[in-house]
Amino acid sequence: MAGTTAQHLATIDLLRALAFPARRARSDSVVSGPGYHIAELATSEEFWEDDGTGRLAALEQYEAECGALSVVLSARWGEPQVFSLWSTLVRSTRGGGGVQEESWQPWAELSAGVPCLDLWRAGERWIALGVSQHDAELPFQLVAAVTVNDPVQEGPGSASSAVRSVRAVRCRGVLGLSHAISVGTGSGCSCGPDLE
């Protein structure tokens, strides 16, 4: 599944207007639940027989598509913040911090494949954009989320997740070749265990 920046923008606008269901449900390329929608805007091929070159080319393509869409969304809502999902992933894999509760969605679900998201606040809703990959052989996905659930909630006994303000800095930690540094705060975007 692929699409243009205009088609991705139309999908995000549709999700912003769409009511949230009372229970988790999936239809086509959208997963929805109480207070959130997650859309798979584009999905690459799988990489089971790849020597690494196809995966790298796909990563560059998906990061470019994400960057192009981010520019369009930034024209609407200003520069994005980068939200690291690393601590959410760690708490969910350790079974702690209450990250499976509905109030932690879509953040817990996204953390399984997206290290960091570009994040905007538009009225009552958050709009998040990122590149996902669940394992090296599996496809890349350009994903967008629309939610009313605050991304900086704390779970019991956990440190607060941080939203970091950046200027044109991409967080590519787990998926890409380098880690970004948050320009506005002087701290790294914790996309991998070496930065946590």
Side-chain angles (χ1 to χ4, degrees), residues 3-42 62-63 65-89 92 97-132 141-155 158 160-171 180 182-185 189-191:
T4 66
T5 298
Q7 290 169 326
H8 300 330
L9 186 60
T11 300
I12 291 169
D13 287 339
L14 175 67
L15 295 179
R16 289 180 59 218
L18 195 61
F20 299 115
R23 294 167 43 176
R24 189 177 190 283
R26 182 177 182 94
S27 63
D28 297 323
S29 59
V30 177
V31 174
S32 298
Y36 72 94
H37 303 293
I38 302 171
E40 299 160 2
L41 301 175
Y62 274 72
E63 285 185 341
E65 288 182 26
C66 186
L69 186 53
S70 183
V71 167
V72 174
L73 295 176
S74 294
R76 285 183 170 186
W77 301 308
E79 287 296 316
Q81 298 173 310
V82 170
F83 179 57
S84 172
L85 294 171
W86 179 250
S87 62
T88 302
L89 175 63
S92 67
V99 296
Q100 300 306 321
E101 298 172 12
E102 287 298 331
S103 65
W104 275 90
Q105 298 300 342
W107 316 113
E109 188 165 336
L110 289 167
S111 74
V114 184
C116 294
L117 296 162
D118 283 354
L119 188 65
W120 296 265
R121 182 74 176 198
E124 298 293 316
R125 296 184 181 202
W126 292 97
I127 292 82
L129 180 67
V131 176
S132 175
Q141 294 181 313
L142 177 61
V143 295
V146 174
T147 184
V148 294
N149 296 333
D150 191 348
V152 293
Q153 298 179 37
E154 293 185 36
S158 67
S160 175
S161 298
V163 175
R164 295 173 176 92
S165 178
V166 299
R167 291 182 215 123
V169 176
R170 305 293 309 160
C171 184
S182 300
V183 174
T185 62
C189 182
S190 302
C191 293

Once you round to the nearest 0.5 Å, how far does CD of Gln105 lie from OG of Ser111?
8.5 Å
Atom pair CZ/CG of Phe20 and Leu15 - distance to nearest 0.5 Å:
8.5 Å
Looking at Thr147, Val146, Val148, which hits side chain to side chain contact (heavy atoms under 4.5 Å, CB included) with Trp126?
Thr147
Nearest atoms (heavy-atom pairs only) where Ala22 meets Pro34:
O-CG, 3.2 Å
Looking only at heavy atoms, the pair that brings Ile38 and Glu109 closest together is CD1-CD, 3.9 Å
On a heavy-atom basis, which atom in Val114 and which in Gly130 lie closest, and how many Å separate them?
CG1-CA, 4.3 Å
Could you list the residues that satisfy side-chain contact (heavy atoms from CB on, under 4.5 Å) with Ala144, not counting sequence neighbours?
Ile12, Leu41, Leu129
Check: Tyr62 and Ser132 side chains under 4.5 Å, non-hydrogen atoms
no
Could you go through Leu110 and Val143, starting from their C-alpha distance and side-chain angles, then the distance that decides it, and tell me whether this counts as side chain to side chain contact (heavy atoms under 4.5 Å, CB included)?
CA-CA 9 Å; Leu110 289 167; Val143 295; 4.2 Å; yes
Of all the heavy-atom pairs spanning Arg26 and Val31, show the shortest one and how long it is.
NH1-CG2, 2.9 Å
With rounding to the nearest 0.5 angstrom, report the CG to OG distance, Leu117 to Ser70.
11.0 Å
Identify the two heavy atoms, one from Cys116 and one from Ser84, that lie closest to each other, and give their separation to 0.1 Å.
SG-CA, 3.8 Å
Checking Arg23 now: which residues fulfil side chain to side chain donor-acceptor pair (under 3.5 Å) with it, not counting sequence neighbours?
none
Parallel, tilted or perpendicular: which one describes the rings of Phe83 and Trp107, with boundaries at 30° and 60°?
perpendicular
All heavy atoms of Arg76 vs all of Arg16, minimum pair found to be NH1-NH1, 3.9 Å
So, using side-chain contact (heavy atoms from CB on, under 4.5 Å) as the criterion, who are the partners of Val72 when residues are at least two apart?
Thr5, Leu9
Are any non-hydrogen side-chain atoms of Glu65 and His8 less than 4.5 angstrom apart?
yes
CD1/Ile127 to NE2/His37 distance, rounded to the nearest 0.5 angstrom?
11.0 Å
